[in-house]
Number of protein chains: 2
Amino acid sequence: MKPTIRDVAAEAGVSIATVSRVLNGKDRVKDSTKSKIEEAIRKLNFQPDQNARSMIKKETRTIGMVVPELSNEYWAQLFDVLQRLFWENGYTIFIGTTERNLDKEAAVVKTFIERRVDGIIFGSALPRPNPDRTLELLERFAVPTVSLDPRMKGLHCVVGDHLQGATDAVDHLIRLGHRSIAYVGGPIVPDNRELGLRNAYLLNDLPVNEALFRRTSDSPTFQSGYAEMKRLLGEGESFTAVFGFNDAVAFGCIRALEEAGKRIPEDVAIVGYDDIQMATVFKPRLTTVRQPVREIGEALATLLLRALSETPDAQRSFPRTHIAFKTKLVVRDSCGGRG
Amino acid sequence: MKPTIRDVAAEAGVSIATVSRVLNGKDRVKDSTKSKIEEAIRKLNFQPDQNARSMIKKETRTIGMVVPELSNEYWAQLFDVLQRLFWENGYTIFIGTTERNLDKEAAVVKTFIERRVDGIIFGSALPRPNPDRTLELLERFAVPTVSLDPRMKGLHCVVGDHLQGATDAVDHLIRLGHRSIAYVGGPIVPDNRELGLRNAYLLNDLPVNEALFRRTSDSPTFQSGYAEMKRLLGEGESFTAVFGFNDAVAFGCIRALEEAGKRIPEDVAIVGYDDIQMATVFKPRLTTVRQPVREIGEALATLLLRALSETPDAQRSFPRTHIAFKTKLVVRDSCGGRG
DNA sequence: CCTTAGCATGGTAACGATATCATCGTATTA
DNA sequence: TAATACGATGATATCGTTACCATGCTAAGG
């Protein structure tokens with residue numbers, strides 16, 4: 001059996017209270033006693049049970065992170081940033097994937113609540129139903145939560161300004177002379193990137209062709225982008241540019257276009273979103289909208305940590321915060337026009 | 001304050017023992033009592049405290065996963081597979097990244113032990129020191145662990161057969177006529193991929209040029225591959241092919257080569273490792289060695305779950321298992337010769 | 001009608017820590 | 001020298017569950 005604080009106390013010939021004192025290093029303990037206890041701890045290979053500690057401390061020092069999936073560079077990078085920041089503050093991270101399924105999402109949040117996480121980073125990306133079970137859970141149990149999805153009403157929120165980002169991207173295409181831009185979006189609506197596109201059309205007083213607005217049926221990945229572009233090409237609509245929901249989708253489109261004999265950017269211009277690492281490798285290099293992942297992660301962590309440092313009473317009245325990060329259009333070669 | 005089982009008992013006018021019974025659904029409870037209790041649970045929004053439950057059950061139903069980082073498609077994909085399988089079996093996953101640092105690695109494992117995870121998936125990738133603190137921790141506390149690193153002696157182990165994979169890849173290059181193959185490895189030794197390369201040289205009775213064996217100084221990423229290839233090119237060694245530690249590194253090399261005016265595959269042939277999604281996008285498409293991630297993940301989960309189902313006594317004598325998965329050479333365009 | 005079984009439930013000791021209050025010396029002060 | 005303060009430690013309630021044993025009730029069997 002694993003040794004407990006009682007075993008250590010017996011071994012060192014003191015009371016468990018004193019052992020607890022050296023474990024936490026707060027009360028004063030005589031040096032000789034302290035070293036006796038430390039020796040006993042070493043000898044028995046004692047590791048305090050964090051769960052037992054949590055029960056009485058009423059905080060677990062765990063964070064739950066909910067994301068669609070991790071095999072998506074954006075989420076993975078975000079995780080790496082968050083992991084480092086929370087680790088530095090003594091938190092361990094539970095992670096649960098929604099697999100883009102509302103039931104799973106709610107189940108993950110419920111699990112986190114049962115495990116009494118101190119806070120939640122909510123990075124799901126699903127259309128919000130009504131009633132929204134996940135949101136209800138989060139509110140009922142008053143778990144401090146920071147969301148990456150602005151549609152989660154009432155939660156703190158840190159986002160990239162996708163409306164702006166998409167508008168910039170499409171403006172760029174329009175300025176290069178494109179008038180028919182196909183959009184391959186993700187599976188969810190409403191979608192600020194799509195709105196940004198429509199916004200740019202509007203600002204430039206251009207007609208929209210609804211047949212060019214597409215959405216992938218599942219996760220916005222390389223495969224789904226590829227499949228959707230194949231379908232679009234099959235329908236014979238004409239277009240001279242493509243705006244992809246993210247870089248993976250954009251790459252999928254590129255692959256489909258090339259298989260259909262189109263050249264990039266000569267025949268079709270492409271712009272993506274996220275600026276993943278591979279965006280600089282692919283030739284022609286991808287023009288895309290960069291999200292400041294590190295800054296977003298830091299804002300997320302800072303906000304949640306600040307909320308956690310409030311007393312439980314104060315947390316309820318902690319002001320709702322909404323931070324939107326500016327994105328940046330990174331112009332490379334996939335739209336041509338720059339040589 | 002969050003409602004406890006006692007509040008529910010009071011609300012329903014029964015004892016906490018009975019509430020516990022309906023919570024666990026094992027003992028028989030009269031239907032009318034049961035519904036009274038369920039009503040109270042709903043009314044109070046009661047969620048049982050999993051940690052309190054763990055204390056007495058002596059299992060937390062959590063798994064700790066330790067990985068170098070997640071912004072690496074291989075680890076991210078593996079995580080997604082594992083997450084699904086463990087979720088289906090009622091486990092929640094803690095994840096900790098080592099940041100390729102032995103101290104952090106040991107600290108993560110220690111944290112997992114303090115949190116009393118039921119099992120650990122050990123996916124660190126670091127040179128093993130002697131003495132090996134992480135291994136000692138794992139052994140002392142007898143946490144059921146499955147490793148992805150065969151150098152963790154005494155642990156169950158599931159790996160891709162990299163020696164074979166690398167041999168296949170290099171054999172392919174040699175068969176295409178290449179005699180000077182640069183290797184850009186990861187930061188750690190020994191490295192089975194490097195050994196596979198040497199093995200192929202040996203089998204084909206070719207001389208080796210040590211100057212062509214390189215290793216990235218940090219994580220095997222796009223950036224480090226790019227930097228290392230830049231350095232190699234600066235040294236003026238001649239070579240006609242490159243074998244990259246993984247696809248990201250290979251892409252980094254490609255980028256550096258192209259900047260130096262080399263064409264792929266005409267001037268330099270490239271082969272990567274892992275077969276990430278982008279391997280099919282890049283033109284020329286990357287020839288690479290595919291690891292069966294899904295199968296590896298399933299084997300990992302199955303093995304750990306089986307170990308966990310043993311009684312604590314039986315776990316000690318549970319036979320050490322070592323599973324190596326065959327890899328598959330995926331021939332595309334980056335080596336030419338098929339074209 | 002008494003015994004006995006079995007069902008439904010209650011009471012309470014764990015689990016492994018921390019927190020609080022009590023206690024006992026010993027040194028300091030008036 | 002008695003009062004006092006403080007430093008070091010011990011005893012024990014507590015956190016929110018589950019496990020285990022006890023108990024009361026009803027119905028069946030003799």
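Below, chains carry the letters A, B, ... as their sequence lines are ordered, and counting in each starts from 1.
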Sugar-phosphate, base or nothing in reach of B/Ser54, heavy atoms under 4.0 Å: nothing

A side-chain contact here means heavy atoms from C-beta on lying under 4.5 Å apart; do B/Thr92 and A/Arg115 qualify? yes

Regarding C/dG10, can its base be found pairing with the side chain of B/Arg21 as donor and acceptor, where the two atoms are less than 3.5 Å apart? yes

Taking only side-chain nitrogens and oxygens of B/Ser15, does any of them come within less than 4.0 Å of OP1 or OP2 of C/dG10? yes

Looking only at side-chain atoms of A/Lys26, point me to the closest of C/dG11, C/dA19, C/dT18. C/dA19

Students often get this wrong, so: under 4.0 angstrom with heavy atoms, is A/Asn51 touching a base, only sugar-phosphate, or nothing? nothing

How many Å lie between CE on A/Met55 and C1' on D/dG16, as a whole number? 4 Å

Contact nearer the 5' end of DNA chain C, comparing B/Ala52 with A/Leu23: B/Ala52

Does B/Arg116 or B/Lys34 map to a spot on DNA chain C nearer the 5' end, using the closest nucleotide for each? B/Lys34

Side chains of A/Trp87 and A/Ile93 in contact at under 4.5 Å (non-hydrogen atoms): no

Give one of base, sugar-phosphate or nothing for B/Ser20, where a contact means two heavy atoms less than 4.0 Å apart. base

Verify the distance criterion only: is there a donor paired with an acceptor across the side chains of B/Glu69 and B/Thr97 at less than 3.5 Å? no

Any side-chain heavy atom of A/Glu11 within less than 4.5 Å of one from A/Leu44? yes

